[in-house]
*Asks:* 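Handing you this structure, nothing more for now.
The figures here come from the full heavy-atom set of this structure, side chains too, leaving out hydrogens, waters and symmetry mates. We number each residue from 1, following the sequence as shown. Counting starts at 1 for both ligands and their atoms, following the listed order.
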Amino acid sequence: MSNPVRVGVAGLGRMGRLHAYNLAERIRRAELVRVVDAELQIAQEVADELRTDASSSFEDLVEDPTIDAVVLVTPTVLHVPMIVAAAAAGKHIFCEKPLGLDIAEAERALTASRSSGVKLQIGFHRRFDPNWKVARTHIETGELGHVMLFRTSLRDKGPPTDQFLSGPLRFLAETSIHDFDTARWMIGEVEEISVFGNAISEEVKRAGDVETAVIVLRFESGALGVIDNSRSARYGYECNTEVLGSRATVRVGNNRRNDVEWLHDGRAVRFLVDDYIGRWPHAYLAEMDDFVSAVADERSVSVTGEDGLAALMLAKAADLSLRAKRQVRVGHRFERGSVFYEIIE
Ligand SMILES: NC(=O)c1ccc[n+]([C@@H]2O[C@H](COP(=O)([O-])OP(=O)(O)OC[C@H]3O[C@@H](n4cnc5c(N)ncnc54)[C@H](O)[C@@H]3O)[C@@H](O)[C@H]2O)c1
């Protein structure tokens, strides 16, 4: 076996801890060299548990010549500056979604990674989920026929934490972005988008954000899409997808916490997961394993920075639709094998 890929993780919230754990314990070709969090105590706690080094400074990752790759799981506003710094130091990069919140800034990150020749993978984990992969294969092989409708739900239990409360684009760019990527990956490019949203809770209203959104898409192929998103469904976390075709339909259901049904007093109760950590253990592991393999085997990553930018552009178009209360048309062009979107009107 070739030498392990030496990786450092920055940002050790719930998501960062999971990635760090997978890298340290479950990904054979990776070696977790250092974990970094702005709070040294957090970094030390995780480092002790995973038997690695701790630091409170991101520079300790980028300036370490022995580190091959960095995994960015810091708050979204830090993604672009950290990508730029890591690319300048020649480190390959796995960055959690979204790439950023501003298109020009996100483009700056892409330019930096491209010009320094490092790999940049974005954390669209659903592409690695075993169930979604099967569903996509049914579409790819043509067994499903022409796609007529793509329908998907993504609902957080909520309520959202402060970090994710600051204007509508935040919800569309943080949550709906997973569905924009899934839509592109499963069905193809989008040409029209209409968004309706509302907020019930005072904190979300005060932030000028929405907590429920219905997004209607028209794909280039003529297929329609309906996405429903909630950031505070309260009852639990759910994500499911259905694709109706001219020959068959495929449905990916909700993972339950277990396969138990509790039948009592005229009721049947099934147990839901609370959050993304419970819903996607296989997908998070598979996406990181794939990134490490891409670095080790010197091949392209499976989800690119350009995919991150495309999904962010769709979030931007969605935000415009929500605010202007109208349909928004988007166009796209291909350049060097990647798609680039623009808002037409
Ligand atoms: N793919 C998914 O399903 C998924 C799920 C959750 C979060 N995310 C994304 O992951 C990112 C992190 O989200 P989170 O919920 O884990 O956030 P979080 O607030 O729970 O954790 C972020 C951590 O980063 C640390 N941090 C802040 N500034 C830092 C710096 N300069 N250097 C190092 N560490 C720093 C904070 O101390 C904190 O521990 C966000 O971009 C979010 O959108 C993705």
*Asks:* With heavy-atom distances below 4.0 Å as the criterion, list the atoms of ligand 1 near His178.
*Replies:*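 Per the distance check, 1 (N), 2 (C), 3 (O).
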
*Asks:* Can you label the angle between the His125 ring and the Tyr284 ring as parallel, tilted or perpendicular, going by 30° and 60°?
*Replies:*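 His125 and Tyr284: tilted rings.
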
*Asks:* Counting heavy atoms only, name the option from Thr76, Asp275, Val77, Thr74 that's nearest to atom 11 (C) of ligand 1.
*Replies:*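 Of the listed residues, Thr74 has the closest heavy atom.
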
*Asks:* Name the one of Phe150, Trp185, Trp280 that satisfies ring pair (Phe, Tyr, Trp, His ring centres under 6.0 Å) with Trp132?
*Replies:* Trp280

*Asks:* With a 4.0 Å cut-off on heavy atoms, is Tyr276 touching ligand 1?
*Replies:*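 For ligand 1, residue contact (heavy atoms, under 4.0 Å) with Tyr276 is present.
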
*Asks:* Classify the contact between Lys97 and ligand 1 as side chain, backbone, both or neither, using a heavy-atom distance cut-off of under 4.0 Å.
*Replies:*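 Under 4.0 Å from ligand 1, Lys97 contributes backbone and side-chain atoms.
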
*Asks:* Less than 4.0 Å between a side-chain N and a carboxylate O, is that true for Glu211 and Arg231?
*Replies:*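 No.
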
*Asks:* With a 4.0 Å cut-off on N to O distance, would you call Arg126 and Asp181 a salt bridge?
*Replies:*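 Salt bridge: no.
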
*Asks:* Pull out every atom of ligand 1 sitting under 4.0 Å from any heavy atom of Val73, numbered as shown with elements.
*Replies:*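 Within the 4.0 Å cut-off of Val73, ligand 1 contributes 10 (O), 11 (C), 12 (C), 22 (C).
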
*Asks:* Among Glu287, Met15, Arg14, whose heavy atom sits nearest atom 5 (C) of ligand 1?
*Replies:* Met15

*Asks:* Counting from 1, what ligand 1 atoms have a heavy atom of Gly123 closer than 4.0 Å?
*Replies:* 1 (N)

*Asks:* Of all the atoms in ligand 1, which lie at a distance below 4.0 Å from a heavy atom belonging to His79?
*Replies:*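 Heavy-atom distances to His79 below 4.0 Å select 41 (O).
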
*Asks:* Under a heavy-atom criterion of less than 4.0 Å, does Tyr284 contact ligand 1?
*Replies:*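 In this structure, Tyr284 qualifies as a contact of ligand 1 - some heavy atom is under 4.0 Å.
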
*Asks:* Would you mind checking if Arg29 and Asp289 are paired as a salt bridge, meaning a charged N to carboxylate O distance below 4.0 Å?
*Replies:*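 So Asp289 does not pair with Arg29 through a salt bridge.
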
*Asks:* When hydrophobic residues are tied together by side-chain contacts of less than 4.5 Å, even through go-betweens, does Phe291 share a cluster with Tyr21?
*Replies:* yes

*Asks:* Indicate the atoms forming the closest heavy-atom contact of Phe180 with Ala315, along with that distance.
*Replies:*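 Shortest heavy-atom contact: CE1-CA, 3.6 Å.
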
*Asks:* Which ligand 1 atoms, with their elements, are less than 4.0 angstrom from a heavy-atom of Pro75?
*Replies:*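 What qualifies from ligand 1 is 22 (C), 24 (O), 26 (N), 27 (C).
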
*Asks:* Mind checking whether Ala10 has a heavy atom under 4.0 Å from ligand 1?
*Replies:* no

*Asks:* Under a 4.0 angstrom heavy-atom cut-off, which atoms of ligand 1 come close to Leu78?
*Replies:* 28 (N), 29 (C), 30 (C), 31 (N)

*Asks:* If you look at every heavy atom in Val70 and Ala86, which pair is closest and at what distance?
*Replies:* CG2-CB, 3.7 Å

*Asks:* Has ligand 1 got any nitrogen or oxygen that is less than 3.5 angstrom from a nitrogen or oxygen of Gly16?
*Replies:* no

*Asks:* Check each atom of ligand 1 against the heavy atoms of Met82 and keep those under 4.0 Å away; list them by number with element.
*Replies:* 30 (C), 31 (N), 32 (N)

*Asks:* Is the shortest side-chain N to carboxylate O distance from Asp290 to Arg299 below 4.0 Å?
*Replies:* yes

*Asks:* Between Asp37 and ligand 1, does any nitrogen or oxygen pair lie at a separation below 3.5 Å?
*Replies:*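 Yes - when backbone and side-chain N and O of Asp37 are compared with those of ligand 1, one distance drops under 3.5 Å.
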
*Asks:* Is the centre of the Phe94 ring less than 6.0 Å from the centre of the His19 ring?
*Replies:* yes

